[in-house]
Amino acid sequence: MDTQSLHSKASQDTLTSLIQLDPTPIESPLEERPSVNTDKDLPPLPEAALEDSDSKSRSPTRTATGTSGVGLSGTGHGSIYYLTRIQRYSSYAFSLFASLHLATTSIIPLAARSVPASESYLLLAREIYQTSLSEPLLVGLPILAHVGSGIALRFVRRAQNIRRYGRQHNVQPSKLTIRNLGVSAGWPTTSFIAISGYGFTAILAAHIFLNRGLPLIVEGDSANIGLAYVAHGFARHPWTSWVSYTGLLGLGCGHMVWGWAKWFGLAQGAGWKLERVTGITAVDKATQKRRRRALLAINAVALAATGVWAAGGLGVVAVGGETLGWVGKLYDGLFAKIPVFA
């Protein structure tokens, strides 16, 4: 037997050729790839991995977990891991508030078929989510944490893309969409969940200001603000109210349903087209059918949620009519403070 084969070493030339590949950025968002764990940071560059292995061999007492990207030692997790969990768990708290709000602004009015008869239930629910303790915990902090962590995730992933692939990436004009406009600058592609989230955030902020912030600024409290206030706005300013509330319900329900589908691992396998073609007709057809079925199912749930909320919110509250007397004048004074309604 050849003794040289027993003591052979891996070729360093081969290793160098392997680690000097020139990868290109992916064209579809990580959120849509079921095989990719988006909770983890990208693995270290080959050069960093070699340096890390050398330092470990020189320092045998060093722990295996090391130090994370956010400066937390002993955890073994990077910033993407923590930001993803902040984004996820903050949505749980807001979903609790959204469920209560759905019941009091849509389901109960739909059952009672009257705005005045539904007001008492809204006031009762406010004792749960509009106290000095519960309002920040269920509404304010979850929204800030969810939106802030989502924006931070994009910056972190952009930094990793630039570190790995460089700053410039060419995107073919035929493949240029709103989702990959920033790819050439290192930004990750934008999913439809994120796009709807940005739109929902803008309309939700306006909704909160109009129903909570403005009364606090002008009147000192929001005790007189309820379903009648919304109905009065529809009666006095129909076009603005219908457009804004339709966008609020459509973007909000779509974003929340698709977000929960993502948490359950369903959104990653939904789509109209195949991500990868295997070349095996039977396999490709079965995969495409499964992806389309998941896409239609999630959209059906989002449409149903929007319909339920709109049935009571737009079908009952929106047609409740204007409020008369001094309360109606108070509402008119509040709306007059907003240029859109003036």
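Along the sequence shown, residues are numbered consecutively beginning with 1.
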**Q** Will you find, in the side chains of Trp260 and Ser91, an N or O donor that is under 3.5 Å from an N or O acceptor?
**A** no

**Q** How about Arg293 and Lys289: do any of their side-chain heavy atoms sit closer than 4.5 Å?
**A** yes

**Q** Does His232 use its side chain to pair, donor to acceptor, with the backbone of Tyr331 at less than 3.5 Å?
**A** no

**Q** Does some side-chain heavy atom of Ile338 sit less than 4.5 Å from a side-chain heavy atom of Phe209?
**A** yes

**Q** How many angstroms lie between CD in Gln87 and CD1 in Ile151, if you round to the nearest 0.5 Å?
**A** 10.0 Å

**Q** So, does Arg292 use its side chain to make a donor-acceptor pair with the main chain of Trp272 at under 3.5 Å?
**A** yes

**Q** Taking the side chain as every heavy atom from C-beta outward, state whether Ile128 and Phe97 have any pair of such atoms under 4.5 Å apart.
**A** no

**Q** Is the distance between the ring centroids of Trp239 and Phe234 under 6.0 Å?
**A** no

**Q** Counting only N and O atoms by type, is there a donor-acceptor contact under 3.5 Å from the side chain of Ser134 to the main-chain atoms of Thr131?
**A** yes

**Q** Distance check, rounded to the nearest 0.5 Å: Gln288 atom CD versus Lys273 atom NZ?
**A** 10.0 Å

**Q** Check whether Thr246 reaches the backbone of Val243 with its side chain - one donor and one acceptor, N or O, closer than 3.5 Å.
**A** no

**Q** Kindly indicate whether the side chain of Asn161, heavy atoms from C-beta on, has any atom under 4.5 Å from the side chain of Pro188.
**A** yes

**Q** Where is the tightest heavy-atom contact between Pro109 and Gly312, given as atom of each residue plus distance?
**A** CB-O, 4.3 Å

**Q** Work out which heavy atom in Gly254 is nearest to a heavy atom in Ala302; give both atom names and the distance.
**A** CA-CB, 4.1 Å

**Q** Mind checking whether Val156 and Leu144 sit in one hydrophobic cluster, side chains of I, L, V, M, F, W, Y counted as touching below 4.5 Å?
**A** no

**Q** Not counting sequence neighbours, which residues clear side-chain contact (heavy atoms from CB on, under 4.5 Å) with Val301? List them please.
**A** Val257

**Q** Could you give the distance from CG (Leu123) to OG1 (Thr104), rounded to the nearest 0.5 Å?
**A** 10.0 Å

**Q** Looking at the rings of Tyr89 and Trp263, which for Trp means the six-membered one, are their centres under 6.0 Å apart?
**A** no

**Q** Going by heavy atoms in the side chains, are Leu249 and Phe200 under 4.5 Å from each other?
**A** no

**Q** I need the minimum non-hydrogen distance between Val230 and Asn211, along with the two atoms involved.
**A** CG2-OD1, 3.9 Å

**Q** Do His255 and Ile193 make a side-chain contact, defined as non-hydrogen atoms from C-beta onward lying under 4.5 Å apart?
**A** yes

**Q** Is the side chain of Ser244 donor-acceptor paired with the backbone N or O of Ser241 at a distance under 3.5 Å, no angle test?
**A** yes

**Q** Under 4.5 Å between side-chain heavy atoms, counting indirect links through other Ile/Leu/Val/Met/Phe/Trp/Tyr residues: same cluster for Tyr198 and Leu204 or not?
**A** no

**Q** Taking the side chain as every heavy atom from C-beta outward, state whether Thr240 and Tyr245 have any pair of such atoms under 4.5 Å apart.
**A** no

**Q** Within the distance-only criterion (no hydrogens, no angle test), does the side chain of Ser196 pair as donor or acceptor with the backbone N or O of Gly252 below 3.5 angstrom?
**A** no

**Q** Report the distance from atom CG of Leu102 to atom CE of Met256, rounding to the nearest 0.5 Å.
**A** 8.5 Å

**Q** Applying side-chain contact (heavy atoms from CB on, under 4.5 Å), name anything that partners Leu303, two or more places apart in sequence or on another chain.
**A** none

**Q** Same hydrophobic cluster for Ile107 and Tyr121, using side-chain heavy-atom links shorter than 4.5 Å among ILVMFWY?
**A** no

**Q** Check for me whether the distance between the ring centres of His237 and Phe335 falls short of 6.0 Å.
**A** yes

**Q** How long is the straight-line distance from CD1 of Ile195 back to CG of Leu251, given to the nearest 0.5 Å?
**A** 11.0 Å

**Q** Please round to the nearest 0.5 Å and tell me the distance separating atom CG of Leu138 and atom OG of Ser90.
**A** 12.5 Å

**Q** Give the intermediate values and the outcome of side-chain contact (heavy atoms from CB on, under 4.5 Å) for residues Ile80 and Gln160.
**A** CA-CA 11 Å; Ile80 288 182; Gln160 291 186 347; 3.7 Å; yes

**Q** Distance-only check: which donor-acceptor pairs under 3.5 Å involve side-chain atoms of residues 318-325, not counting sequence neighbours?
**A**
none

**Q** Give a yes or no on whether the backbone of Val277 and the side-chain of Asp284 come within a donor-acceptor separation of less than 3.5 Å.
**A** no

**Q** Are Leu330 and Ile217 connected, step by step, through hydrophobic side chains (Ile, Leu, Val, Met, Phe, Trp, Tyr) whose heavy atoms are closer than 4.5 Å?
**A** yes

**Q** Tell me if a side-chain donor or acceptor on Ser222 pairs with a main-chain N or O of Ile225 at a distance below 3.5 Å.
**A** no

**Q** By the salt bridge (charged side-chain N to carboxylate O under 4.0 Å, His left out) test, which pairs, at least two apart or in different chains, include something from residues 125-149?
**A** Glu135-Arg212

**Q** Given the rule in the side-chain contact (heavy atoms from CB on, under 4.5 Å) test, do Ile108 and Leu122 qualify, once you have shown the distances and angles that lead to the verdict?
**A** CA-CA 9 Å; Ile108 292 177; Leu122 179 63; over 6 Å; no

**Q** Which residues satisfy the salt bridge (Lys or Arg N to Asp or Glu O under 4.0 Å) test with Asp332, sequence neighbours excluded?
**A** Arg236

**Q** Which residue pairs satisfy the side chain to side chain donor-acceptor pair (under 3.5 Å) criterion with at least one member in residues 297-312, sequence neighbours excluded?
**A** Thr105-Trp309, Trp258-Asn299

**Q** Please step through side-chain contact (heavy atoms from CB on, under 4.5 Å) for the pair Glu219 and Leu214, ending with a clear verdict.
**A** CA-CA 8 Å; Glu219 299 294 328; Leu214 183 62; over 6 Å; no

**Q** For residues Pro215 and Asp221, determine if any side-chain heavy atom of one lies less than 4.5 Å from a side-chain heavy atom of the other.
**A** no

**Q** Could you check Leu137 against Tyr129 for side-chain contact (heavy atoms from CB on, under 4.5 Å), going step by step and ending with a plain yes or no?
**A** CA-CA 9 Å; Leu137 293 178; Tyr129 64 75; over 6 Å; no

**Q** Do Ile86 and Phe94 belong together in a cluster built from hydrophobic side chains that touch within less than 4.5 Å?
**A** no

**Q** Got a donor-acceptor contact below 3.5 angstrom from the Arg291 side chain to the Leu274 backbone?
**A** no

**Q** Thr189 and Arg154: which non-hydrogen atoms are nearest, and at how many Å?
**A** O-NH1, 3.8 Å

